[in-house]
Protein chains: 2
Amino acid sequence: MAQDTRTRILNAAGPVFAERGYQKATVREICRAASVNLASMNYHFGQKERLYIETVKQAQRNKIEQVPSPQWQPGTSPAEKLRGFVRTLITRMIGAGEAPWQTRLMMREIMQPTQACQELVQNYFRPQFEILLEILEELLPAETTQSKRHQLAFSVVGQCLYYRVAHEVVALLIDKKEREAHYDAHQLSDHITDLMLAALSAPGSWLTSPQDANTGLKGSADRPGEDTSSQ
Amino acid sequence: MAQDTRTRILNAAGPVFAERGYQKATVREICRAASVNLASMNYHFGQKERLYIETVKQAQRNKIEQVPSPQWQPGTSPAEKLRGFVRTLITRMIGAGEAPWQTRLMMREIMQPTQACQELVQNYFRPQFEILLEILEELLPAETTQSKRHQLAFSVVGQCLYYRVAHEVVALLIDKKEREAHYDAHQLSDHITDLMLAALSAPGSWLTSPQDANTGLKGSADRPGEDTSSQ
DNA sequence: AATTGTTTAAAACGGACGTTTTAATCGTTG
DNA sequence: CAACGATTAAAACGTCCGTTTTAAACAATT
């Protein structure tokens, strides 16, 4: 029974698409998982591709309602906001135990965008990005360049995404004992937040000085792997 | 003519697997791209899966010989080493213009590991990881925890990986003008390096104090999105 | 010359899978 | 009741694709 057939299909399709990927996921498997007849899929969605797009959109809506745009009490320090933001992001990434299929699905879209990606960016990534930028703005000198702020935001997001993207590689590099002791959402988000706050509060003008003026440790003309780039 | 048939197949398979993914890439397309008979594939590799594994391994060997483990003059400052390391990593990620298929291929392995992933970690990721750890060791207080060092290394790698993983999303979030002005390998690596160096040289004991003692800005018991995690 | 390893061309096998169809069954609505 | 939408079961269609096969060349080696 449960819900109507359409949503049963949608809910069953999410994990399957997330785990197997679009190609390897078969309509038959999804319908079997949803305990639904094969013809019902065609009835509701017409084609596999349409089902996929709807699934991604629903995953995004899920996430939005599960973790709405953070709202803090007035007077909350920007540092605390940043910590909360990172905490939320990391939690979405590595989830509570089992792999959150919504995030896996979105990650697939990020790496190999399809038709569903544009809406994803507009409805999900961009708003999050804006919130992060507002938090950073409170922490940064007023003269900080627009592009510098963007890069700093990407630095935050990049560190968070890493633990979803490279989850399996981390498991191969770090032994189980250390992972279980130090790689929960709590400690990871604290690490990333502390790192960012330390960098932002560091002495010197690395944030505002024009590119190429930094801690004064540069100056080597030749660096390894200069232009022997790929291909 | 060129090389022998086997390597022609291998070279043709790389870009195809990287772009289409394992499932969507067809043996027929690869053989067509290699100007090679369909039966030759079977002759040399037996099955598609074997071809894929060999392709990944070759991509890894390519990268290693293209950008060997960095070796600096004795006396090079650790900060300079870090800059070089990040520069190399970023360059591999975003390449010189066109998308480097080797990295795309490896990224696929990272996100959805197959049989080829373990060798990849052993021969490629782990050595790189060790090098980065050595550089960080020179920059860090001696009392820094092992796990803290690891997390810092992941912070570096995560920021670099981001620009390959989310390349398309960045293109949707940042307008073309800013991207062309600020998102080349040079500036991005400088940004990441400067950020890390600033964080490491920041005042206070955020690096060495036990978890939960930090900049003193924490303390909120409830954070948004606490345990409303996915699913 | 004979053998053996490579390569090609062309065709076919066989399975997997997206999609469609048909026929039948309920439940709801008019 | 009749009509219609939703759903199911089962089967089939048609295509794509990994894999295999066959037969024929060609090259290098013995």
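Below, read A as the first sequence line, B as the second, and so on, with proteins coming before strands; counting in each chain starts at 1.
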(request) Tell me, please, which residues at least two apart from Y124(B) pass side chain to side chain donor-acceptor pair (under 3.5 Å). (result) R92(B)
(request) Sequence neighbours left out, what passes side chain to side chain contact (heavy atoms under 4.5 Å, CB included) with K177(B)? Give chain and number order. (result) D175(B)
(message) Tell me every residue that passes side chain to side chain contact (heavy atoms under 4.5 Å, CB included) with A166(B), counting only those two or more places apart in sequence or in another chain.
(response) I110(A), Y162(B), V169(B)
Would you give me the side-chain donor-acceptor pairs under 3.5 Å for residues 18-27 of chain A, sequence neighbours excluded?
| from | atom 1 | to | atom 2 | distance (Å) |
| --- | --- | --- | --- | --- |
| R20(A) | NE | E29(A) | OE1 | 3.1 |
| R20(A) | NE | E29(A) | OE2 | 3.2 |
| R20(A) | NH2 | E29(A) | OE2 | 3.0 |
| Y22(A) | OH | E49(A) | N | 3.3 |
| T26(A) | OG1 | E29(A) | N | 2.9 |

(request) Grab the CD1-P distance between I30(A) and dC17(C) for me, whole Å please. (result) 12 Å
(request) Using side chain to side chain donor-acceptor pair (under 3.5 Å) as the criterion, list what pairs up with R61(B), not counting sequence neighbours. (result) none
Quick test: give all pairs of protein nitrogen or oxygen and nucleotides 14-16 of chain C nitrogen or oxygen below 3.5 Å, distance rounded to 0.1 Å.
none

(message) Nearest whole Å is fine: how far is dA12(D) C1' from L38(A) CG?
(response) 12 Å
(message) If the condition is side chain to side chain contact (heavy atoms under 4.5 Å, CB included), which residues does P78(B) pass it with, not counting sequence neighbours?
(response) E138(B), L139(B)
(request) Would you kindly give the CD-to-C1' distance between E29(A) and dG18(C), to the nearest whole Å? (result) 15 Å
(request) Output all residues satisfying side chain to side chain donor-acceptor pair (under 3.5 Å) with K48(B), sequence neighbours left out; order by chain, then residue number. (result) none
(request) Go along nucleotides 23-28 of chain C 5' to 3' and tag each nucleotide: B for a protein heavy atom under 4.0 Å from its base, S when only backbone or sugar atoms are that close, - otherwise. (result) ------
(message) Rounded to whole Å, how long is the line connecting atom CZ of R28(A) with atom C1' of dA11(D)?
(response) 11 Å
Any N/O pairs under 3.5 Å between the protein and nucleotides 3-8 of chain C? List them or say none.
| from | atom 1 | to | atom 2 | distance (Å) |
| --- | --- | --- | --- | --- |
| dT6(C) | OP2 | Y43(B) | OH | 2.2 |
| dT7(C) | OP1 | T5(B) | OG1 | 2.7 |
| dT7(C) | OP2 | H44(B) | NE2 | 2.4 |
| dT7(C) | O5' | T5(B) | OG1 | 3.2 |
| dT8(C) | OP2 | N37(B) | N | 3.2 |
| dT8(C) | OP2 | S40(B) | OG | 2.9 |

(request) Identify the heavy atoms of T91(B) and A185(B) that sit nearest to each other, and give their distance. (result) OG1-CB, 3.8 Å
(request) Can you tell me the distance, in whole Å, between the CD atom of Q47(B) and the P atom of dT20(D)? (result) 8 Å
(request) Whole angstrom is fine here: how far is it from CG in N42(B) over to P in dA12(C)? (result) 19 Å
(message) Which residues pass the side chain to side chain contact (heavy atoms under 4.5 Å, CB included) test with V56(A), not counting sequence neighbours?
(response) Y52(A), L105(A), E109(A), A116(A), L120(A)
(message) Restricting to side chain to side chain donor-acceptor pair (under 3.5 Å), what partner residues turn up for Q112(B), sequence neighbours left out?
(response) R108(A)
(message) Between D194(A) and R83(A), does any NZ, NE, NH1 or NH2 come within less than 4.0 Å of an OD or OE carboxylate oxygen?
(response) yes
